[in-house]
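Reviewing the structure listed below.
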Amino acid sequence: MTNKYMIFVANWKMFGGLNSLNSLRKVVKFLKNFKKNNLIKIVYCPPNTLIRPMTKKLRKSKIEVGAQNCHENNDYGAFTGSVNSKMLKSVGAKYVIIGHSENRQAGEKDKLINIKIKSALKSGLKVIFCIGETIQQKRKKITKQILNKQIQIGLNKIANKKKILIAYEPVWSIGTGLIPQSKELFNTIDFIKKKIGNLKVLYGGSVNPKNVTELKSIDNIDGFLVGGASQDAKKFIDIIKKTYN
Ligand code: 13P
């Protein structure tokens, strides 16, 4: 039985329209009636188009809203198609995911991630900082080296890390149904925690209502960053319920 404070982040990625917000009613109701609701935090990170309507829908609930990325520039500027952290904050976001592997694969480098994190913190957002190795890096047994580099550069010259959560998401685990072996995952999270001190570390990558029973038994995990399964309210609720079973 888990009796620990846990954070559940729903990353909707590029999915969802206004009608998807109807499913939140179930989650709000669940949270209200859940006996251990004082132990959990739920954060929804929808596409930017849904941040404002979602914050309105969740006004009376404890569920918070975040974004999935931001531009590194703190000020407004001529950056067509981009949105910065200040703008996200102004429409109700409290969090932003930065360094997601889908953006790293699209060319986002550690240095840019570092600037984005600084900008988000300056705007008063909490940061969910994603790190993780690819399958090639895992096979070469350089996972720790890679994570170390991502952490060193990503958090370079950030003295106050209180508003940062780490999300360890092995790239090979995202959307594949594969999760690391429990012992391996414990050791990797232990390694991360030793590097960064007292920060909370979430696990992400194919978390679902079935494998969460195994994942929750890894006691250095502080929560989950859920992709696919978070778009289905029932599955997301099941993940939370089973974490506390
Ligand atoms: P899946 O849960 O779909 O594997 O996605 C994980 C993820 O990328 C969350 O940020």
Side-chain angles (χ1 to χ4, degrees), residues 6-16 20 23 27 40-48 50-51 54 63-70 88 93-108 113 116-117 120 125-135 137-138 143 146-147 150-151 154 164-182 184-185 188-189 192 199-216 218 221-243:
M6 296 280 272
I7 303 163
F8 298 85
V9 182
N11 175 8
W12 274 9
K13 307 194 179 186
M14 199 173 74
F15 291 93
S20 317
S23 67
V27 185
I40 65 177
K41 167 162 305 289
I42 300 178
V43 181
Y44 266 89
C45 298
N48 287 348
L50 296 179
I51 290 178
M54 193 183 256
I63 300 174
E64 294 189 300
V65 179
Q68 300 171 12
N69 201 357
C70 65
L88 295 170
K94 298 258 168 62
Y95 288 78
V96 59
I97 296 172
I98 296 180
H100 194 282
S101 68
E102 282 150 16
N103 295 321
R104 289 179 186 266
Q105 279 164 344
E108 202 171 76
I113 290 168
K116 288 188 176 192
I117 296 177
L125 293 178
K126 291 179 188 157
V127 171
I128 300 162
F129 170 39
C130 299
I131 55 174
E133 81 285 2
T134 63
I135 190 66
Q137 292 162 339
K138 179 178 161 60
T143 297
I146 295 298
L147 297 179
Q150 291 173 340
I151 292 168
I164 300 174
L165 299 169
I166 306 286
Y168 170 56
E169 298 206 301
V171 182
W172 52 271
S173 178
I174 295 175
T176 58
L178 302 170
I179 58 168
Q181 288 175 347
S182 296
E184 188 186 6
L185 187 48
T188 308
I189 292 182
I192 296 167
L199 300 191
K200 294 208 179 296
V201 180
L202 316 182
Y203 167 76
S206 293
V207 178
N208 64 39
K210 279 191 188 145
N211 61 24
V212 78
T213 309
E214 182 183 333
L215 289 167
K216 74 160 187 200
I218 303 168
I221 290 181
D222 300 302
F224 300 109
L225 176 51
V226 187
S230 75
Q231 290 156 38
D232 179 328
K234 188 182 172 314
K235 281 190 188 161
F236 195 52
I237 292 168
D238 272 356
I239 287 172
I240 300 172
K241 276 191 193 159
K242 289 193 175 166
T243 301

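Everything quoted here is computed from the prediction, not taken from an experiment. In listed order, ligands and their atoms are each counted from 1.
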Side-chain donor/acceptor of Q68 to backbone N/O of N11, under 3.5 Å: no

Does ligand 1 have any N/O pairs with the protein under 3.5 Å, and how far apart?
{"residue": "ligand 1", "atom": "2 (O)", "partner": "S206", "partner atom": "N", "Å": "3.4"}
{"residue": "ligand 1", "atom": "2 (O)", "partner": "G227", "partner atom": "N", "Å": "2.9"}
{"residue": "ligand 1", "atom": "3 (O)", "partner": "G228", "partner atom": "N", "Å": "2.8"}
{"residue": "ligand 1", "atom": "4 (O)", "partner": "G175", "partner atom": "N", "Å": "2.7"}
{"residue": "ligand 1", "atom": "4 (O)", "partner": "S206", "partner atom": "N", "Å": "2.8"}
{"residue": "ligand 1", "atom": "5 (O)", "partner": "K13", "partner atom": "NZ", "Å": "3.2"}
{"residue": "ligand 1", "atom": "8 (O)", "partner": "K13", "partner atom": "NZ", "Å": "2.8"}
{"residue": "ligand 1", "atom": "8 (O)", "partner": "H100", "partner atom": "NE2", "Å": "2.8"}
{"residue": "ligand 1", "atom": "10 (O)", "partner": "N11", "partner atom": "ND2", "Å": "2.9"}
{"residue": "ligand 1", "atom": "10 (O)", "partner": "H100", "partner atom": "NE2", "Å": "2.9"}
{"residue": "ligand 1", "atom": "10 (O)", "partner": "E169", "partner atom": "OE1", "Å": "3.1"}
{"residue": "ligand 1", "atom": "10 (O)", "partner": "E169", "partner atom": "OE2", "Å": "3.0"}

Any side-chain heavy-atom pair of E108 and N69 under 4.5 Å: yes

K126 side, atom NZ; Y95 side, atom OH - distance, nearest 0.5 Å: 4.0 Å

Parallel, tilted or perpendicular: rings of F224 and F8 (30°, 60°): tilted

Residue pair E184, K138: steps toward the salt bridge (charged side-chain N to carboxylate O under 4.0 Å, His left out) verdict: CA-CA 11 Å; E184 188 186 6; K138 179 178 161 60; 2.5 Å; yes

Set of residues satisfying side-chain contact (heavy atoms from CB on, under 4.5 Å) with respect to S182, sequence neighbours excluded: E214, I218

